[in-house]
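Report on one structure; see the data block that follows.
Each ligand, and each atom within it, is numbered from 1 in the order the structure gives.
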Amino acid sequence: QTGSANTNPSDSADDEYITNVSIGTPAQVLPLDFDTGSSDLWVFSSETPKSSASGHVTYSPSKSSTAKKLSGASWSITYGDHSSSSGDVYTDKVTVGGFSVSSQAVESATKVSTQFVQDTVISGLLGLGFDVGNTVKPRAQKTWFSNAANSLAQPLFTADLKHQQTGSYNFGFIDTTLAKGPIGYTPADGSEGYWGFTATGYSVGGAKLNRNSITGIADTGTTLLLLDDDVVNAYYNNVESAQYDDSQQGVVFDCSEDLPSFSFGVGGTTITIPGSLINLTPVSDGSSTCFGGLQSSADIGINIFGDVALKAALVVFDLGNERLGWAQK
Ligand SMILES: O=C(NC1CCCCC1)N[C@H]1[C@H](O)[C@@H](N2CCCCC2)[C@@H]2OC[C@H]1O2
């Protein structure tokens with residue numbers, strides 16, 4: 001068995017990617033942010049304060065004949081951008097891309113932080129990280145993918161995120177036609193709940209890859225490519241107008257710049273992010289100053305290959321073999 005779901009950028013800056021998920025009986029369809037950087041499936045619900053839920057599609061367990069309250073269970077999560085949510089837990093049927101898990105922990109939000117209240121295009125997150133990262137207490141719950149894995153044709157999923165176009169999350173199979181180059185595989189470290197890996201080197205503007213390895217995570221839930229300052233500086237030293245903008249909390253440059261590409265080595269292959277994908281968006285509507293898709297990870301302490309990097313590749317999240325595959329797109 002397999003599943004295949006379309007995913008769409010939420011706005012003109014590809015800030016996040018939205019995938020529709022069916023929950024309960026009859027199906028309640030919610031737009032969720034699939035996040036390989038976390039391991040909770042949580043939703044805005046009938047239990048979310050009305051003022052917070054305004055503008056969001058919500059899940060009502062009381063309207064689902066297959067919903068069951070998970071007695072005594074609660075959850076609470078804080079993300080790297082300091083957004084947060086918490087609540088109680090139901091189990092219900094959850095279908096993604098035509099594949100159903102009959103009893104999935106659906107974490108109902110009784111509290112959500114301002115960032116989520118304001119982000120009305122999503123009704124929650126579907127974590128695709130490792131189960132160890134799940135926040136439900138007293139007993140951690142499995143992710144949708146973890147519950148599905150044993151029934152899928154292969155215990156893996158792929159992410160094919162695109163700039164301002166419809167992409168896909170495929171479960172149980174690899175559609176190699178989505179890629180232009182071979183898939184390079186490298187071991188994945190799931191011990192922290194993330195999909196951790198090591199890139200073997202990098203280069204700017206098509207130069208030969210150096211041998212400076214970069215250890216980080218493949219995170220569909222983070223918009224940017226966040227790397228060490230020495231890498232960020234090596235890149236922006238090639239961009240005449242680049243400067244750090246305190247108010248924007250990042251490197252900005254003239255939107256008219258012809259940005260160099262950024263390449264990294266992984267699993268014996270090279271992934272090249274075209275400069276165009278690193279020109280993320282004007283700092284404000286109509287501005288001729290643009291915000292960089294590559295920024296510093298210095299304040300975080302971990303390198304993050306977020307959507308800016310993932311958009312250049314077909315990425316295979318292979319749970320069965322504990323490995324990540326990257327193919328140029
Ligand atoms: O916190 C992270 N990543 C961190 C970024 C800083 C450095 C450490 C990792 N990801 C979150 C992301 O920012 C959220 N956001 C909502 C608004 C549109 C953009 C996405 C969304 O909710 C949780 C998750 O996804």
Practice problem: Sort out the contact shell of ligand 1: every protein residue with a heavy-atom distance below 4.0 Å, listed by chain and number. | Solution: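 These residues qualify: Asp15, Glu16, Asp33, Tyr79, Gly80, Asp81, Phe116, Asp119, Leu125, Gly221, Thr222, Thr223, Leu226, Ile300, Ile304.
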Exercise. Applying salt bridge (Lys or Arg N to Asp or Glu O under 4.0 Å), run through Asp318 and Arg323 and close with a yes or a no.
Key: CA-CA 5 Å; Asp318 184 343; Arg323 65 182 185 172; 2.8 Å; yes
Exercise. Please collect all disulfide bond (SG atoms under 2.5 Å apart) contacts where either partner lies in residues 106-198, sequence neighbours excluded, each pair once.
Key: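 Every pair satisfying disulfide bond (SG atoms under 2.5 Å apart) with a residue in residues 106-198: there are none.
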Quiz item: Using 30° and 60° as the class limits, which term best fits the ring planes of Phe99 and Trp144: parallel, tilted or perpendicular?
Solution: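 The rings of Phe99 and Trp144 stand perpendicular, inter-plane angle above 60°.
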Self-check item: Asp160: side-chain contact (heavy atoms from CB on, under 4.5 Å) partners, not counting sequence neighbours
Solution: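 Partners of Asp160 by the side-chain contact (heavy atoms from CB on, under 4.5 Å) criterion, ordered by chain and then number, come out as Lys162, Ser168, Leu178, Leu314, Lys329.
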Quiz prompt | side-chain contact (heavy atoms from CB on, under 4.5 Å) involving Lys68 - partner list, sequence neighbours excluded | solution =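 Result, side-chain contact (heavy atoms from CB on, under 4.5 Å) vs Lys68: Thr91.
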Self-check item: Rounded distance [0.5 Å steps], CZ in Phe262 versus CG in Leu277
Solution: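 Rounded to the nearest 0.5 Å, the CZ-CG separation comes to 13.0 Å.
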